[in-house]
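Before any comments, here is the structure.
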Amino acid sequence: MKNEELKIRDLDVLWHPCTQMKDHERLPLIPIKKAHGIYLEDFEQKRYIDAISSWWVNLFGHTNEYINKKIKEQLDTLEHVILAGFTHEQVVRLSERLVQLTPEGLDKCFYSDNGSSAVEVALKMSFHAHRNDGITKPLFVSLTNSYHGETIGALSVGDVELYKETYEPLLLQTIQTPVPKDMSIESADEAADLFEDLCKKRADEISAIIIEPLIQGAGYMHMYHPRFVVRLREICDRYNVHLIADEVMVGFGRTGELFACQKAGITPDFLVLSKGLTGGYLPLSVVLTSNDVYAKFYCDYNEHKAFLHSHSYTGNALACAAANATLDIFENEDIIEKNREKAAYMAQKLKAFEGLSNVKEVRQTGMVCAVELKGYSAEERIGLKVYQYGLDHGVLLRPLGHIVYFMPPYIITNDEIDIMMDTAYEAIKQLP
Ligand SMILES: *Cc1c(COP(=O)(O)O)cnc(C)c1O
């Protein structure tokens, strides 16, 4: 009953993200009453495996006992305080830990409250750092097929047509350089050479290149070799261009290391984190940078070099408590090692998909698996059919176009991986 009532009341007053609302004339909304572990549950006790970690944010399950406890403790102590002129224990601890855990040479943390705004921070900081050096570099480079969020600046460095096309007249001028076309070393080198050619011509205008290391998430789970990131680091150093690593999606263990840059063994000039940062509980994001960049802004007030950027909820104490609890779990439970076993198990299961006639390719990087379908037009909305099949069978899959992917919370068991992937297999097999 409650299910039906909430659907009606919802459509009366809500406008949902990333949704053509008319679809809901036939596609029912799903009210969720509660969630625990990898399961979401509606008001009629129907359960769904959250195979996409609720838009890639959840790491250790819903209503995780430990994270809940830590947030509740914080709630009775300090919920929030202005971060200009003030500080608090959770944000200090979190920053110390992030500096410790991220690649060597990232020494300072600047907070905001979602991935897009953190991307904006990194872009502004990069531009401003060059400016404080006396050089104006008004251009940003990003990769073809990239996604960095949907505020105006973040959208400007993105390249997924679906999100960008309409707003093109509003956006900043940016340049896209080709992403490696597949996961081979050769294509990594090929793409790096093209970026180097661009730098040869225009490096004096380019503040930074922003990338999603190893996996382009919203860009249909496109994956490439770490070698590309290694090469970009060298090129950026040679041409005085910053490297911004947007690890909003790939950070916190998704690729098999805690941070994707560690797979390339490099340190970016700016590291952008959000999504998994709070274990999927609360909005929080952070940009880490070097003491070197920080020093360019550090001077007397009247020199007008300060980074005057602010968000009301910067460094929210509850969100920082959730983030510290999340890092505790990484620390105490050897998650990265356990994920290696789970990733290997998923790799085994993924092979079966290659035998389906409508599968073009399967690919995997760490805890992210993707199955690319072939032979369908966009109008067929094949992803929607897989989504619907999944829901009917108790699994939340949310394909990106014709890419069915798996990005479950890390607490998923092998038995649950079986259900998740077998359901997707059947969903793909029964497609027309
Ligand atoms: C989701 C995402 C963003 C944007 O984060 P929001 O919190 O949704 O604004 C930016 N970059 C990448 C790589 C993302 O996956």
Side-chain angles (χ1 to χ4, degrees), residues 16-19 52-59 110-126 140-160 162-164 167 171-172 174 176 179 208-224 228-229 232 243-255 259-261 263 268 270-288 309 311-316 319 322-323 326 365-368 370 398-401 403 405-407:
H16 289 265
C18 206
T19 300
I52 59 161
S53 298
S54 281
W55 254 351
W56 318 346
V57 297
N58 192 290
L59 300 187
F110 190 100
Y111 290 89
S112 54
D113 44 30
N114 63 76
S116 305
S117 69
V119 165
E120 307 269 345
V121 165
L123 297 175
K124 284 176 69 180
M125 236 180 218
S126 166
F140 292 103
V141 177
S142 61
L143 301 181
T144 53
N145 189 51
S146 59
Y147 178 91
H148 298 288
E150 292 169 53
T151 54
I152 304 274
L155 199 58
S156 301
V157 285
D159 188 45
V160 177
L162 178 65
Y163 308 111
K164 186 169 186 176
Y167 305 102
L171 303 180
L172 304 174
T174 62
Q176 277 68 52
V179 68
I209 178 167
I210 181 168
I211 61 164
E212 298 157 87
L214 309 193
I215 311 174
Q216 293 185 315
Y220 308 97
M221 298 297 162
H222 182 72
M223 300 177 186
Y224 59 82
F228 182 61
V229 183
L232 288 192
L243 177 59
I244 303 174
D246 174 356
E247 294 214 23
V248 169
M249 185 204 96
V250 294
F252 299 100
R254 287 288 176 198
T255 65
F259 299 103
C261 282
K263 280 204 142 178
F270 302 91
L271 176 66
V272 185
L273 303 172
S274 186
K275 291 201 168 100
L277 174 58
T278 63
Y281 267 71
L282 288 157
L284 183 70
S285 58
V286 62
V287 176
L288 285 105
H309 183 104
H311 294 286
S312 319
Y313 283 100
T314 299
N316 174 262
T326 300
T365 299
M367 290 295 284
V368 183
R398 201 173 189 280
L400 289 157
I403 311 292
Y405 69 90
F406 308 100
M407 206 192 294

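When a ligand or atom number is given, it counts from 1 through the structure's own listing order. All values derive from a computational prediction rather than experimental measurement.
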For this session: Measure the spacing between OH of Tyr111 and CG of Leu288 and express it to the nearest 0.5 Å.
Result: 7.0 Å
For this session: Return yes if some donor-acceptor pair links the side-chain N/O of Thr174 with the main-chain N/O of Ser156 below 3.5 Å, else return no.
Result: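 At least one qualifying donor-acceptor pair exists.
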For this session: Step by step, work out the side chain to side chain donor-acceptor pair (under 3.5 Å) result for Thr365 and Thr255.
Result: CA-CA 5 Å; Thr365 299; Thr255 65; over 6 Å; no
Problem set entry | Smallest separation among heavy atoms of Val160 and Gly219, with atom names | CG2-CA, 4.0 Å
Seminar exercise, completed: For Leu400 and Tyr220, the nearest pair of non-hydrogen atoms, with its separation, is O-CD2, 3.5 Å
Seminar exercise, completed: Across all chains, not counting sequence neighbours, the ring pair (Phe, Tyr, Trp, His ring centres under 6.0 Å) partners of Tyr167 are none
For this session: Enumerate the protein residues lying less than 4.0 Å from ligand 1, judged by heavy-atom distances, in chain and residue-number order.
Result: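 Within the 4.0 Å shell of ligand 1, which is judged on heavy atoms, sit Trp56, Asn114, Gly115, Ser116, Tyr147, His148, Gly149, Glu212, Asp246, Val248, Met249, Lys275.
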